[in-house]
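Input: a single structure, listed below in C-alpha cells.
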Amino acid sequence: MNRPRRRALHAALAALIVGTFALGGTAAARADTYVAISGSGSTWSQNALDQWRRNVANNYGMTISFSGTGSSAGRNDFIRETVDFAVSEIPFQAQPEDGSPSEISTRPYAYLPIVAGGTSLMYNLKIGGKLVTDLQMPGDVVAKIFTGQITRWNDPAIQAENPQLVLPDRAITPVVRSDGSGSTAQFTKWMSTQYPQIWGTGMTSQFPPSYKFKAQSGSLGVSGYVSNPTNGEGSITYVEYSYAMKSGIPVVKLKNVAGNYVQPTAANVEIALREARINEDQSSPDYLTQILDGVYNNADPSAYPLSSYSYMIVPTQVGGIFTERKGYTLGAFVKYIVCEGQKQAGALGYSPLPNNLVKAAFDQISRIPGSNVGPYNAESCSNAGAGEGTAPGSGTDAAGTSGAAAAAASTAGTAAASASDAVYDANGNLVSGSGAAGTAVSSPFTVASESWGPSQTGMLVAVILVAAAVLAPPLLLRSRQRGR
C-alpha cells in the first residue's frame, strides 16, 4: 500500500477511536450541566423516588440524594433549609392535631404531586403452618384493631368476614410507626373521617404511644417486622403497597362502600382517586393538595378506600442553600418524575398520576427558580396516565367470590417465591430472610432503567474499541505487506 493510502487508513482508525471517546464524553458533558441536590421525607414514596434517582443518574448524570426519614422530618428539614426539597403525604401542619409545634416555613414553597398509591394493611397470619393470603376486613374492624378493641385473630367480627377460614385463637400484634410519618397521617385521617366513634384522636403524624403497640421506624421497619418469620407471625401494619409487594407478604382485602373486598392495585387506586377533590385555589397555601372524603366513600365496586397522593415540596425562591443552578436540576428531575417516571409507577407498587395532575404539576415546576422545562406538552411528556390501559382487579364481592382470581394467585405465589428474600429495617439491619451478615443498604424494589444513558454509551464505546482492536492489526499488517 502506498504512503497516502496508509496515512488515510491511520487517519480513519484515529477518527474511529476519537469518535468513540467523544460519544462517551457526551454523557460527561451533559452531567456537567447539573449540580447535586438533596431532599428528605416520605418513606411511603421512597421506593419510587429511589428508582427514579437511579434512572436519572444512569440516563442524565444527575446526582439526587434523598433520605427517607419520614414525612414529618422532611417537612422540618425543609423549614430549617437543610435540604433542597422535601416529600410528604400531607401539607405543612399549622396546628398539628397531636399538639406538636406548628410547621411554619419562612421559605416560599409550592406543593407538587409526584405519585399516587394505596396504603395497604400488610399482615402475617398462618393456619396450620400455611400463610393466609385472602383475609378480608371492613374498615371498622381495622380501626378497632388499631385502637386495641379487637385483640385476637378469631374475634367474631373478623371471623364473620372470613367464613372460608377457621381463624386461630392468636393475639394480634399491631405494628405502628415510631417516627412521625405521612403514612400514619393518612391512616389516622381515614380512621378519623370514617370511624370517629372508634378513633377519636384525629389525624396525627405520630401514632399515639399510649396504645403501647409494637413501634418501628420507617416503612422498612414496620414491613420488616411483619415479614419476620419468627417475630412477625400474628402481626399487622399499615404501609405503602410497594413494600408488601417486595416482601411477598399479603395485604388485607379492604371492604369498600360498594361492599366489595379490594386490594390496593394500581387500577383500584386510580379508580378510587377519581373522586378525589383537589384544592384548585392558586392563592391558597395548600394549592394542589388533596381532599379525600370522596375517595373514602367512592361507590365504585373496584375502588380502594385508603388511596392518596404524595407531594414534593419545592422552593419558589432562591435563598440559603438553594441556588438557580440547583433549581435547574430540580426542575429537570421533577419533569422526569411526572413524565417518564410515571410509566414505572405500577411496577413499583404505586399508581400513575392522572394527566390533569401532571399538567398542574408543570405549573408548579415553572415556579422553581432556574427551572427550564417549559409548559406541559403531551408530545414531550409521555406520561402513562393513571390507569390507562389497565382493567380493575383484585376485588371480591361481599360473598367472597373472586373478581380477579389470577391476582390473588399471584399474591400467594409471590409470597412463596419471596419467602427467603432479605428484608432490612430503616437502618439497614437484616430483620428477616437470608442475607449477608451485618448491615446493608436495602433497595426494596427496582425495575430496569429506561432510555439511553452513560452505561449504554459505555457499552457502545467498549464494543467499538474491541472491534477496532480486532480489525486494526490485520489491516495494518496487510498494508505493510503490500507496501514492501
| task | Would you check, one step at a time, whether the test side chain to side chain contact (heavy atoms under 4.5 Å, CB included) holds for K326 with T329? | result | CA-CA 5 Å; K326 285 188 171 184; T329 302; 5.7 Å; no

What distance separates [X] [atom1] from [Y] [atom2], expressed to the nearest 0.5 Å?
| X | Y | atom1 | atom2 | value |
| --- | --- | --- | --- | --- |
| L330 | S371 | CG | OG | 7.5 Å |
| T265 | E270 | OG1 | CD | 10.0 Å |
| L125 | T173 | CG | OG1 | 11.0 Å |
| T289 | L112 | OG1 | CG | 12.5 Å |
| K189 | T204 | NZ | OG1 | 12.5 Å |
| Y123 | E233 | OH | CD | 12.5 Å |

| query | What about W199 and F207, are their ring centers closer than 6.0 Å? | reply |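 Here the rings of F207 and W199 have centres that are less than 6.0 Å from each other.
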
Which atom names give the shortest non-hydrogen contact between [X] and [Y], and what distance separates them?
| X | Y | result |
| --- | --- | --- |
| S102 | A94 | OG-O, 2.6 Å |
| S223 | M122 | O-CE, 3.5 Å |
| G74 | A86 | O-CB, 3.3 Å |
| S307 | V295 | O-CG1, 3.8 Å |
| Y238 | L121 | CB-CD2, 4.2 Å |
| L353 | P113 | CD1-O, 3.4 Å |

| For the side chain to side chain donor-acceptor pair (under 3.5 Å) test, which of S42, S105, S88 pairs with R75? | S88

Side chains of [X] and [Y] in contact at under 4.5 Å (non-hydrogen atoms):
| X | Y | result |
| --- | --- | --- |
| T151 | I172 | no |
| I150 | I158 | yes |
| V175 | Q216 | yes |
| I64 | W52 | no |
| V176 | T237 | no |
| R170 | I127 | no |
| L306 | L254 | yes |
| Y60 | F333 | no |

Does one side chain, of [X] or [Y], offer a donor that lies under 3.5 Å from an acceptor on the other?
| X | Y | result |
| --- | --- | --- |
| S71 | E89 | yes |
| D140 | Q194 | no |
| Y336 | N55 | yes |
| E275 | Y296 | no |
| S178 | Q206 | no |
| T43 | R177 | yes |

| From CA spacing to verdict: side chain to side chain contact (heavy atoms under 4.5 Å, CB included), N162, Y261 | CA-CA 11 Å; N162 297 274; Y261 300 95; over 6 Å; no

Would you check if the side chain of [X] reaches a backbone N or O of [Y] as a donor-acceptor pair within less than 3.5 Å?
| X | Y | result |
| --- | --- | --- |
| Q93 | Q95 | no |
| D179 | S217 | no |
| Q342 | P352 | no |
| N76 | E103 | no |
| S242 | L348 | yes |
| S65 | S38 | no |
| N228 | T230 | yes |
| S351 | V269 | no |
| Q159 | L165 | yes |
| D77 | S40 | no |

| request: Can you spot which of W190, F187, Y211 makes a ring pair (Phe, Tyr, Trp, His ring centres under 6.0 Å) with F146? | output: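 Among W190, F187, Y211, the one that satisfies the ring pair (Phe, Tyr, Trp, His ring centres under 6.0 Å) with F146 is F187.
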
| said: When you measure from the centre of the six-membered ring of F78, is the NZ or CZ of R107 closer than 6.0 Å and no more than 45° off the axis? | reply: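 Yes, R107 sits over the ring of F78.
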
| For atom CZ of R277, is the number of surrounding heavy atoms from other residues, nucleotides or ligands below 6.0 Å larger than 12? |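 For R277, atom CZ is not crowded (no more than 12 foreign heavy atoms under 6.0 Å).
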
| task | Would you sort out whether W44 and Q186 count as a side chain to side chain contact (heavy atoms under 4.5 Å, CB included), showing the intermediate values? | result | CA-CA 10 Å; W44 190 93; Q186 292 288 16; 5.7 Å; no

| Passes side-chain hydrogen bond (donor to acceptor under 3.5 Å, both in side chains), S310 versus S45? Steps please. | CA-CA 7 Å; S310 187; S45 308; 2.5 Å; yes

| message | side chain to side chain contact (heavy atoms under 4.5 Å, CB included) for N231 and Y225? Distances and angles first, verdict last. | response | CA-CA 7 Å; N231 299 327; Y225 185 95; 4.2 Å; yes

| request: Would you sort out whether N124 and S235 count as a side-chain hydrogen bond (donor to acceptor under 3.5 Å, both in side chains), showing the intermediate values? | output: CA-CA 6 Å; N124 185 341; S235 62; 5.4 Å; no

| said: My understanding is that only residues two or more places apart in sequence, or in another chain, count here; which of them pass salt bridge (Lys or Arg N to Asp or Glu O under 4.0 Å) with R152? | reply: D169

| Of V334, V115, V338, which meets side-chain contact (heavy atoms from CB on, under 4.5 Å) against M312? | V334

| Parallel, tilted or perpendicular: which fits the ring planes of Y109 and Y111, with parallel below 30° and perpendicular above 60°? |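 Perpendicular.
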
| task | Determine, stepwise, if the pair S181 / T184 fulfils side-chain hydrogen bond (donor to acceptor under 3.5 Å, both in side chains). | result | CA-CA 5 Å; S181 76; T184 300; 2.8 Å; yes

